[in-house]
*Asks:* 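Would you mind keeping the following structure in view while I ask a few things?
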Amino acid sequence: MSTRATYQFIPADQTFKPAITLYVHHDGYPAGAAEYLSGVETPEQFIRRNRKAEITDSHDTHEDTEYRYTIYEGSGLMQAQKRVSGTTLWETIFEGKITQFTTEEKQNA
């Protein structure tokens with residue numbers, strides 16, 4: 001099943017490096033995202049581990065995404081959001097450490 005998601009990496013120092021957003025066409029639900037994000041701290045690592053990831057402009061580029069994940073590089077923190085069905089609104093479903101998210105979602109899978 002196709003559960004589309006974007007993964008945006010916000011650099012610690014935005015003065016010199018832009019945010020990088022990646023789009024993955026499938027397995028974007030939280031348990032799938034936990035697999036994608038496990039052990040990942042940078043967009044480069046994400047691409048190496050997830051060969052089907054495509055670079056895109058932003059979280060808002062793809063209107064069909066169901067989830068979006070924002071990773072704050074260098075902090076170990078992230079935010080996960082789910083689209084409110086049938087709208088352009090987003091509900092935050094997780095904020096905290098990436099390791100906590102990946103551990104909890106793998107246990108729930």
Side-chain angles (χ1 to χ4, degrees):
M1 182 174 209
S2 295
T3 305
R4 296 157 183 86
T6 52
Y7 302 80
Q8 186 173 74
F9 290 80
I10 307 292
D13 181 1
Q14 292 182 337
T15 305
F16 300 107
K17 184 178 173 186
I20 295 176
T21 307
L22 303 163
Y23 171 81
V24 180
H25 185 77
H26 62 281
D27 296 338
Y29 50 88
E35 290 295 326
Y36 288 152
L37 291 169
S38 184
V40 169
E41 297 177 19
T42 67
E44 295 83 6
Q45 291 172 334
F46 188 92
I47 290 170
R48 283 189 199 104
R49 292 198 55 199
N50 304 290
R51 299 285 180 179
K52 293 184 180 181
E54 304 170 22
I55 296 173
T56 191
D57 289 330
S58 73
H59 276 315
D60 299 321
T61 300
H62 300 272
E63 295 177 1
D64 62 349
T65 56
E66 297 175 54
Y67 291 91
R68 63 185 186 186
Y69 303 93
T70 304
I71 298 89
Y72 301 95
E73 290 184 66
S75 70
L77 299 175
M78 67 168 284
Q79 179 185 60
Q81 295 179 303
K82 179 179 181 176
R83 183 181 300 275
V84 176
S85 184
T87 73
T88 58
L89 302 175
W90 294 90
E91 170 190 7
T92 299
I93 57 172
F94 178 85
E95 283 185 308
K97 293 191 175 284
I98 297 169
T99 53
Q100 178 187 357
F101 175 80
T102 58
T103 300
E104 288 177 5
E105 290 304 327
K106 287 179 182 180
Q107 290 173 353
N108 293 334

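Treat the numbers as computed from the prediction; the structure is a model and nothing was measured.
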*Asks:* Can you label the angle between the Phe46 ring and the Tyr36 ring as parallel, tilted or perpendicular, going by 30° and 60°?
*Replies:* perpendicular

*Asks:* Can you measure from OG1 (Thr103) to CD1 (Ile98) and round to the nearest 0.5 angstrom?
*Replies:* 11.5 Å

*Asks:* So which pairs with a foot in residues 70-91 pass salt bridge (charged side-chain N to carboxylate O under 4.0 Å, His left out), sequence neighbours left out?
*Replies:* Lys17-Glu73

*Asks:* Could you state whether Phe94 and Val24 fall into the same hydrophobic cluster, counting links through intermediate Ile, Leu, Val, Met, Phe, Trp or Tyr residues with side-chain heavy atoms under 4.5 angstrom apart?
*Replies:* yes

*Asks:* Please give me the minimum heavy-atom distance between Ser2 and His25, naming the atom from each residue.
*Replies:* OG-NE2, 3.3 Å

*Asks:* Decide yes or no on side chain to side chain contact (heavy atoms under 4.5 Å, CB included) for Thr56 and His62, but give the supporting numbers first.
*Replies:* CA-CA 9 Å; Thr56 191; His62 300 272; 3.0 Å; yes

*Asks:* Looking only at non-hydrogen atoms, find the nearest pair between Thr61 and Ser58 and report the distance.
*Replies:* OG1-N, 3.1 Å

*Asks:* Nearest 0.5 Å, please: how far is CG in Leu22 from CD1 in Ile55?
*Replies:* 6.0 Å

*Asks:* So which heavy atom on Pro30 is nearest to which on Ile93, and how close?
*Replies:* CG-CD1, 3.9 Å

*Asks:* When you look at Glu104 and Gln100, which way does the side chain to side chain donor-acceptor pair (under 3.5 Å) test go after all the steps?
*Replies:* CA-CA 6 Å; Glu104 288 177 5; Gln100 178 187 357; 2.9 Å; yes

*Asks:* Return the CD to OG1 distance between Gln81 and Thr70, rounded to the nearest 0.5 Å.
*Replies:* 6.0 Å

*Asks:* For the pair Asp27 and Tyr29, evaluate side chain to side chain contact (heavy atoms under 4.5 Å, CB included) and give the outcome as yes or no after the intermediate values.
*Replies:* CA-CA 6 Å; Asp27 296 338; Tyr29 50 88; 3.5 Å; yes

*Asks:* Would a 4.5 Å heavy-atom cut-off, applied to side chains only, mark Arg68 and Asp60 as touching?
*Replies:* yes

*Asks:* In terms of hydrophobic clustering (I, L, V, M, F, W, Y; side-chain heavy atoms under 4.5 Å; direct or indirect links), are Ile47 and Met78 co-clustered?
*Replies:* yes

*Asks:* Yes or no on side chain to side chain donor-acceptor pair (under 3.5 Å) for Thr6 and His59, after CA distance, side-chain angles and deciding distance?
*Replies:* CA-CA 6 Å; Thr6 52; His59 276 315; 2.6 Å; yes

*Asks:* Is the shortest heavy-atom distance from the side chain of Leu77 to the side chain of Lys97 under 4.5 Å?
*Replies:* yes

*Asks:* Enter the distance from Tyr23:OH to Arg4:CZ here, rounded to the nearest 0.5 Å.
*Replies:* 5.0 Å

*Asks:* Who else is in Leu89's hydrophobic cluster (ILVMFWY, side-chain heavy atoms under 4.5 Å, direct or via others)?
*Replies:* Val84

*Asks:* If you look at every heavy atom in Ala33 and Gly28, which pair is closest and at what distance?
*Replies:* CB-O, 4.1 Å

*Asks:* List in chain and number order the residues that pass side-chain hydrogen bond (donor to acceptor under 3.5 Å, both in side chains) with Thr42, two or more places apart in sequence or in another chain; answer none if no residue qualifies.
*Replies:* Glu44

*Asks:* Just how far is it from atom CZ of Phe101 to atom CD1 of Ile71, taken to the nearest 0.5 Å?
*Replies:* 9.0 Å

*Asks:* Would you compute the distance between atom OH of Tyr72 and atom CD of Gln79 and round it to the nearest 0.5 angstrom?
*Replies:* 5.0 Å

*Asks:* Report whether Trp90 and Phe9 are members of the same hydrophobic cluster (ILVMFWY, side-chain heavy atoms less than 4.5 Å apart, transitive linking).
*Replies:* no

